[in-house]
Structure formats: structure tokens, C-alpha cells
2 protein chains.
Amino acid sequence: MAREVADRTELLPLLAEVFRAHGYEGATLSLIGEATGLGKGSLYHFFPGGKQQMAAEVLGEIDNWFEVNIFAPLRSSDDPAPAVAAMIAAVDGYFRSGHRVCLVGVIALGASRDMFAVQVHGYFKRWDDALSRLLARSGVNARTARQRSADALLTIQGALVLARALDDPAIFRRALADLPPRLLAKAG
Amino acid sequence: MAREVADRTELLPLLAEVFRAHGYEGATLSLIGEATGLGKGSLYHFFPGGKQQMAAEVLGEIDNWFEVNIFAPLRSSDDPAPAVAAMIAAVDGYFRSGHRVCLVGVIALGASRDMFAVQVHGYFKRWDDALSRLLARSGVNARTARQRSADALLTIQGALVLARALDDPAIFRRALADLPPRLLAKAG
DNA sequence: GACAGTCTGTACCGATCGGTACAATCTCCG
DNA sequence: CGGAGATTGTACCGATCGGTACAGACTGTC
């Protein structure tokens, strides 16, 4: 009863790491079993929908984490400087300063994009909306706000790609540090 | 004889599209056979090393294209403005204005990264070197040049990710358009 | 027209894929 | 203790994976 919920919340982060490391198609049931210590019996007991349900729930939890820790604070702030700083700090923490990869980005680039197109689209769209509206609220015109918001999102994704490609997490750290002045600049 | 070479040069772009669309692990031999119109017999005749050799040669050809069309021009120029403009134009053409994805980036994010770590690293490293040295040659200090160069590379990768995630290639176009002023700005 | 080398289709291999079935076990509550 | 439901391990399924073997069909040369 209570334990089922506990198990599931402990399970999803483990699943997330498997999907992050191997992608959707690369995350085989034996890898998942190995990472979680669970056999197929248990896995299909918790996730009758199989791999697809596992990935969908993982994406759901990621979405929820960003909603609470990043999107909502952006929406409820009227002072862009500290809000942007908080976002950058949260992003740096979530991606472990460039050591971790973005599962949503991994899926967006892979063949499983179509299967999760709605979740992938929603994740970035809501982030973009929250951020660009914050910037617009602070005075910059809507077009510039949208452009800067997209710049921030794509910088984060690109920095994760490049950091992993060059095996140099510092790239991610520097890219994040560069972001606040670009987002908060006076000139449009 | 002459035909073998011709066949191979026609084959590699087809293989590249399969790897782009499905990733390394997702590119099954039956998909490859379907895309090329070749059976396993022919495929293994041309690539005795199997999938790994196919992907390695595809990466090699991509590397060669960038070397000729992007890296070399950057190295041989002393005027950053037209050189950067030419790079942006070439990148826009190569990635079909955001409709195409970067295979090197796809592999960097996937599980096959380790298998092709050398090629992936070399591709971005040589691009970064060529671009940052051009900027340094034009007067900006080495640290700024390196930072701006990384910014350009990661912007391109991130724009491809975001464009695909949101199914909006215009994101890529706008990100590219934003790049020259950032690379060529006076202030460091 | 015969030979050599290139190319191709097909049958086949063991391994592993995602998924199912189900009996055995565990856990909790009365 | 006993029974209900949650949980698990194992055997099994058909399909497909990457790869191999090889006989036959092309292709060009003498």
C-alpha cells in the first residue's frame, strides 16, 4: 500500500539513469533489471505497459521536477535578475554541472521522438513560455523576450551536447555563467 | 574498379541518413538494407567490418566535408567577418536550415559515444580550434576567442536539438542569425 | 567463349530483444 | 494461524538482432 508508492518513487530515478545512459531503444530490459535489481516479473508488475510506460513515467517525473523547481518560480517572479539566477542555479544542480545529460534532449534527437513528441514538445514549450513571459514582464518587447528565451534553452541543450562530446563539463559551467548577462541585457 | 569507388560514395550519404534518423543502435541492418536497396551480402561485401565500419566511414566522410567546407576556410582567413558569414552559410546549408540533425551530436549523446569517442572529440576540437584561432587572429584575447568559439558550436548543436524537439526549424535559422554579432562583438 | 574477380540473394547461426504466463513466495491484517 | 493481495523468479514465446557461409550471377579481359 504505502510501500507501493515508495517503491515507485525510488524506481523512477533509477530508470531515468538507464534511459539517460542508453537512450530509449538502448535501454534493454536486462539493463533495466540490472540497474534496479528487479526481474521482469516485478518490472511488469509495476509497469504493465512495459518499456514505453516506464519511459513515459520517467518523462512525467522529470517534467514535474522542472515544473516545481524551475517553471513555477519563473512564473511567479517579477524581478528577472534573481529569477534568472535561481533558474541557472537549479539547472546547474539538476544537470550536475554538465556531468548529466538531458533525457528530453536525448529522446528529441533519437528515433523515439515520435513516440514521446507530446511530452518533449510540452517540456520545452512550457519552459520557453515561463521564461519569455518573465522577460517580457520586465520590459523587453515580446519578440526579444522570445528570442532570448530560446537562446537560453538552446544554450543549455547545446552545452550538454558539447560537454559530453568533448568530455569537458566545464563547457557547461561556462555556458551557464554566460547566460544571465545575455538574458538581462538592456539593449534589445 | 572505378565502379566500386562510385558505389561507395553513393552509399555513404544513404547510410548517413539512416544513422541520423535512428541513431547507431537504432539503425538496424534491415533498415539500412531498405534505405540502400542492398542486401546483407552486398553490405558486408562493401563493409566487412559491419555496422561499426559503416558508421565509422560515415563519420569520416562528415569530418572530411567539414574539414574542406568549414574548418579549412576558417584557418586560411584573416578577416573574421566574411569568414564567419561563410561558416554560418555553410552550416545552414549542411543542416538544411534546421531540418537535418547532426549525426556527431546524436552519437555524442547516445550509448555509442564511447565507440566513436575519438572521431566525435576530433570533430568538435578541430572546429573549435579553427574558429577560436581566427577570432584570436583578429585581435580578441585568447580566452575570449575560445569562449566565443565554444558558444558558437554549442549554439548550433542546441539549436538543432530545440528545433527538432519543438518541430520548428525556424529556431535554428534565428539562432544562426544571432551568431555573427556575438562572435564579432568589439567588447570582450 | 572461358576465366577471374566483383557483386548479390538466401539460408542460416546463436544471442538477445520485449513481452507473457504462472506458480511460488512474501506481507500484512484480522 | 489463515487467507488475500502484493510481489517475485523462472520458463517460455515469437521476432528480430548483427553476423557468417556460400552458391550463383554478373562484369570485364584475354
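Below, read A as the first sequence line, B as the second, and so on, with proteins coming before strands; counting in each chain starts at 1. Since this is a predicted model, take the numbers as computed values, not measurements. Heavy-atom basis, side chains included; hydrogens, waters and symmetry copies ignored.
When the P atom of dC17(C) is taken as reference, atom CD of Q52(A) falls 19 Å away, rounded to whole Å. In this structure, K40(B) places its NZ atom 16 Å from P of dC22(D), rounding to the nearest Å. Atom-to-atom, CD of E25(B) to C1' of dG18(D) comes out at 13 Å; the value is rounded to the nearest Å. For the pair L43(B) CG and dA21(D) P, the interatomic distance rounds to 17 Å; values are reported in whole Å. Straight-line distance from the CG atom of L29(A) to the P atom of dT16(D): 17 Å, rounded to whole Å. Spacing between atom OH of Y24(A) and atom C1' of dC17(C) amounts to 12 Å, rounded to whole angstrom units. In this structure, Q53(A) places its CD atom 14 Å from C1' of dG18(C), rounding to the nearest Å. In this structure, CG of L38(B) is placed 13 Å from P of dT10(C), rounded to the nearest angstrom.
Within the cation-pi definition used here (under 6.0 Å to the ring centroid, within 45° of the axis), R96(A) does not qualify as a partner of F172(A).
Closest to the T28(A) side chain, of the nucleotides dT8(C), dG18(C), dC17(D), is dG18(C). Taking the side chain of H45(A) as heavy atoms from C-beta on, and the options dT20(C), dA6(D), dC12(C), the nearest nucleotide is dA6(D). For Y44(B), the listed nucleotide lying nearest its side chain is dG19(D); candidates were dC17(D), dG19(D), dT8(D).
A salt bridge is defined here as a Lys NZ or Arg NE, NH1 or NH2 lying under 4.0 Å from an Asp or Glu carboxylate O, and R137(B) with D79(B) fails to meet this definition. Of the charged side-chain nitrogens involved, at least one lies within less than 4.0 Å of a carboxylate oxygen, so that D128(A) and R146(A) count as a salt-bridged pair.
S138(A) places a side-chain N or O within donor-acceptor distance of the main-chain N or O of L135(A), the cut-off being under 3.5 Å.
One finds a side-chain N or O of S30(A) lying less than 4.0 angstrom from the OP1 or OP2 phosphate oxygen of dC17(C).
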